[in-house]
2 protein chains.
Amino acid sequence: MSNHLNCLTKVPIFKSLSKEEMNEVLKIASHKKHQKGDLIFNEGDMIRQLFVVSEGTVKISKYSYEGKEQVLHLLNHGDFFGELSLFKDQETTSSAEVIKDSVICTLDSLKLRNLIEHNPEISFKILLELSKRLENTETKLKYYALSNSSEKLAKLLLDLEKNNIVIFPVNKSILASNIGITSETFSRTLKKFINNKYIETISNQKIIIKNKEALIELIY
Amino acid sequence: MSNHLNCLTKVPIFKSLSKEEMNEVLKIASHKKHQKGDLIFNEGDMIRQLFVVSEGTVKISKYSYEGKEQVLHLLNHGDFFGELSLFKDQETTSSAEVIKDSVICTLDSLKLRNLIEHNPEISFKILLELSKRLENTETKLKYYALSNSSEKLAKLLLDLEKNNIVIFPVNKSILASNIGITSETFSRTLKKFINNKYIETISNQKIIIKNKEALIELIY
DNA sequence: CGTTGATTTGATTAGATTCAACATATGTGG
DNA sequence: CCACATATGTTGAATCTAATCAAATCAACG
């Protein structure tokens, strides 16, 4: 049916299924390539699928009536979205936009629901995933509500950092919106960090953390 | 074992269980009365239970290092918390405080996990509940990040409103923190709404909405 | 009726947004 | 591979909103 077994076999929530179970899932799945800029769905759209990101990056956002964007999640390989459709046909309350060319699998929610009801395993995995995402969102909430832009940026850098190297996975505007500040403030605050010798820039999307303690200090 | 069958029989996530299943759940449950002000757990505590609110109100919050509070959720009858403990022993990343005298049931997470694995029903219900909470938190996030205090308050009033009557379920400071503003700003913005004849106050915790359209206009 | 906690009000200030201009980076077709 | 077009990023200056701090008032409860 699909040369994108990837979609499902390599995705955490389905990984542990038996061969027969996997075949069941495959029956209700299809996949599609999407280009950067494609809109998978828009706030208010009716959706009846669970979407699983097999390749690429998808941005989940909400917009204010003035058009200001709040990025909720950046989803990569293995992440899913549209889980509320599992329970009932659902007008989404957010938009999903492809920001890096992607392969996305869709699973019919009615059929998936059926499957899940007989596979506690899957249900449990989705449960785990959602719990984490909830915790994540709650933490974000705390930062948005309680922090100034330096704290927010420090937290972002520490989240992205690996061996003191930070590579921005998406452009700075999106990152800014992800932590709830404007791109101008993002730029200015980054500069402040550079002036303070907390960080050094290697390229536009790569920086080195020079004083991690200072950043940690900021968020505690 | 307990005269608080309430804890479980009346709580949505367990409501549909058969008698035998319910007996299984009862075996791993216990309940306890808590007074206003009691701390169920604190950020960083290790928890190994799922908590279900049978009566009263519990406030889930995070605090910044400066002590500023962000209320994440206000939980009432039937709501649960501590779901991450289902997956592994978990240091909580938030605090739970009783703000109205409560009866709280605790279910050992290891045993509950076991039970869930054989009861897709329960798993599915928790899944639904978490999905809703996630959506809720995401919406909150949008408001925190994208709205000014008038929009936030308008949204709060519309959320709480029933037949144009708003009764504040908890004190104003907590509500303010719930929508991510200070109590001073809360007070001032409420006053502005009164001056604009959007609302009228009946008592300290009761107001009437006089111009709902104006409030709706604010949030769109 | 006094004490404690909650709420309101006022004055000041800090911090981020906005808007506009400029600079840099990225991508495309010739 | 260059030149242009478009998208992304940076900087400055003005403005504005909500936070802060301090004080006054109000409400609830033993």
Side-chain angles (χ1 to χ4, degrees), chain A residues 35-37 57 59 64 66-71 97-101 143-156 166-195 199 201-207 218, chain B residues 35-37 59 63-71 97 99-101 143-156 166-195 199 201-207 218:
Chain A
Q35 289 194 310
K36 179 178 168 178
T57 306
K59 178 184 75 176
S64 78
E66 291 147 319
K68 279 199 296 181
E69 179 185 24
Q70 171 62 51
V71 178
E97 183 190 334
V98 175
I99 57 169
K100 281 184 193 159
D101 291 2
Y143 274 93
Y144 289 176
L146 303 180
S147 307
N148 59 31
S149 53
S150 295
E151 292 169 48
K152 289 176 189 173
L153 182 57
K155 167 135 180 62
L156 178 71
V166 177
I167 296 171
F168 293 140
V170 293
N171 73 39
K172 292 177 183 173
S173 309
I174 293 179
L175 287 175
S177 167
N178 194 228
I179 60 172
I181 62 179
T182 61
S183 56
E184 291 99 327
T185 300
F186 189 100
S187 176
R188 280 186 256 265
T189 310
L190 207 59
K191 197 182 177 188
K192 200 176 74 184
F193 285 2
I194 294 167
N195 289 339
I199 59 173
T201 58
I202 301 299
S203 73
N204 199 18
Q205 50 270 323
K206 193 168 170 183
I207 65 173
L218 273 175
Chain B
Q35 289 194 310
K36 178 178 168 176
K59 179 185 73 176
Y63 293 86
S64 77
Y65 76 104
E66 292 148 317
K68 279 199 294 181
E69 179 185 25
Q70 172 62 51
V71 177
E97 183 189 335
I99 57 170
K100 279 184 194 162
D101 292 2
Y143 274 94
Y144 287 177
L146 303 180
S147 308
N148 59 33
S149 52
S150 294
E151 291 170 50
K152 289 177 189 173
L153 183 57
K155 167 134 180 63
L156 179 71
V166 176
I167 296 172
F168 293 140
V170 293
N171 73 39
K172 292 177 182 173
S173 310
I174 292 178
L175 287 176
S177 167
N178 194 226
I179 61 172
I181 62 178
T182 61
S183 55
E184 290 98 326
T185 299
F186 190 99
S187 175
R188 279 186 256 266
T189 310
L190 207 59
K191 199 182 176 189
K192 199 175 74 183
F193 284 2
I194 295 168
N195 290 339
I199 60 174
T201 58
I202 301 298
S203 73
N204 197 22
Q205 49 271 324
K206 194 168 170 183
I207 65 174
L218 273 176

Worksheet, complete the sentence: Sorted by chain and residue number, the side-chain hydrogen bond (donor to acceptor under 3.5 Å, both in side chains) partners of A:N171 (sequence neighbours excluded) come out as none

Practice prompt. For B:S150, check side-chain hydrogen bond (donor to acceptor under 3.5 Å, both in side chains) against everything at least two apart and list the hits.
Written response: B:K192

Practice prompt. Using side-chain hydrogen bond (donor to acceptor under 3.5 Å, both in side chains) as the criterion, list what pairs up with B:E69, not counting sequence neighbours.
Written response: B:K59, B:S61, B:Y63

Worksheet item: Mind checking whether A:L156 and A:V166 have side chains closer than 4.5 Å, heavy atoms only?
Response: no

Worksheet item: Which parts of nucleotides 7-23 of chain D does protein reach within less than 4.0 Å, heavy atoms only, written one letter per nucleotide 5' to 3' as B for base, S for sugar-phosphate only and - for none?
Response: -SSSBBB----SSBB--

Fill in: salt bridge (charged side-chain N to carboxylate O under 4.0 Å, His left out) pairs, two or more places apart, involving residues 144-156 of chain B
B:K155-B:D159

Discussion item. Without decimals, in angstroms, what is the distance between B:D101 CG and D:dC29 P?
Written reply: 12 Å

Worksheet item: Quick one: side-chain contact (heavy atoms from CB on, under 4.5 Å) partners of A:K36, sequence neighbours excluded?
Response: A:D101

Discussion item. Tell me every residue that passes side-chain contact (heavy atoms from CB on, under 4.5 Å) with B:K206, counting only those two or more places apart in sequence or in another chain.
Written reply: B:I165, B:I167, B:I202, B:S203

Worksheet item: To 10°, what angle do the rotation axes through the five end pairs on each side of the helix from C:dC1-D:dG30 to C:dG30-D:dC1 form?
Response: 50°

Worksheet, complete the sentence: The side-chain hydrogen bond (donor to acceptor under 3.5 Å, both in side chains) partners of B:S187 (sequence neighbours excluded) come to none

